[in-house]
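Have a look at the structure below, then the notes.
All values below were derived from every heavy atom in this structure, side-chain atoms included, with hydrogens, water molecules and symmetry-related copies excluded.
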Amino acid sequence: AGALVNEQNTDGHTALMFAYNGKNQVETLWERYKQYVAEGEAEDEESSVPIIKEALESHKSLVDALLKGGADASIKDKEGHVAKDFDFHPDTDAEIL
């Protein structure tokens with residue numbers, strides 16, 4: 001049986017909305033964290049940098065998988081927001097990475 005990708009919680013949020021919002025939170029984390037990363041630490045597998053970058057890079061795959069799985073991007077939450085409304089920085093993805 002497939003997942004109910006358009007199921008809404010009590011606030012009307014869907015998995016696609018959470019996927020977009022999660023990306024924004026990781027972007028914010030990276031923006032704040034990168035100022036403390038020492039030169040060369042970004043390449044160190046023991047640091048937190050690789051996992052943060054992977055989370056940013058994986059976001060598009062997660063959104064694509066939800067959309068291919070039937071997620072409806074036009075569903076509105078109780079406040080009238082659609083999934084893309086949760087993607088607060090759509091033009092900064094390339095700048096962050």
Open item on the list: When you group the ILVMFWY residues by side-chain heavy-atom contacts below 4.5 Å and let the links chain together, are Tyr20 and Ile75 in the same group?
Closed with: no

Task: Smallest separation among heavy atoms of Gly70 and Asn6, with atom names - done: O-ND2, 3.0 Å

Task: salt bridge (Lys or Arg N to Asp or Glu O under 4.0 Å): pairs with one or both residues in residues 74-83, sequence neighbours excluded - done: none

Task: Residues in side-chain hydrogen bond (donor to acceptor under 3.5 Å, both in side chains) contact with Asp64, at least two apart in sequence or another chain - done: Lys60

Open item on the list: Let me check something: do Phe86 and Leu67 share a hydrophobic cluster, defined by ILVMFWY side-chain heavy atoms less than 4.5 Å apart, either directly or through other members?
Closed with: yes

TODO: Not counting sequence neighbours, which residues clear salt bridge (Lys or Arg N to Asp or Glu O under 4.0 Å) with Asp72? List them please.
DONE: none

- [ ] Write down the atom of Ser74, the atom of Val82, and the distance for their closest heavy-atom approach.
- [x] O-CG1, 3.6 Å

Task: Donor-acceptor contact present, side-chain Asn9 to main-chain Thr14, <3.5 Å - done: no

Task: Nearest heavy-atom neighbours spanning Gly80 and Asp85 - done: O-OD2, 4.3 Å

- [ ] With the side chain counted from C-beta on, respond yes when Val5 and Leu16 share a heavy-atom pair under 4.5 Å apart, and no when they do not.
- [x] no

- [ ] Could you tell me which non-hydrogen atom of Val63 sits nearest to which non-hydrogen atom of Ala19, and how far apart they are?
- [x] CG2-CB, 4.1 Å

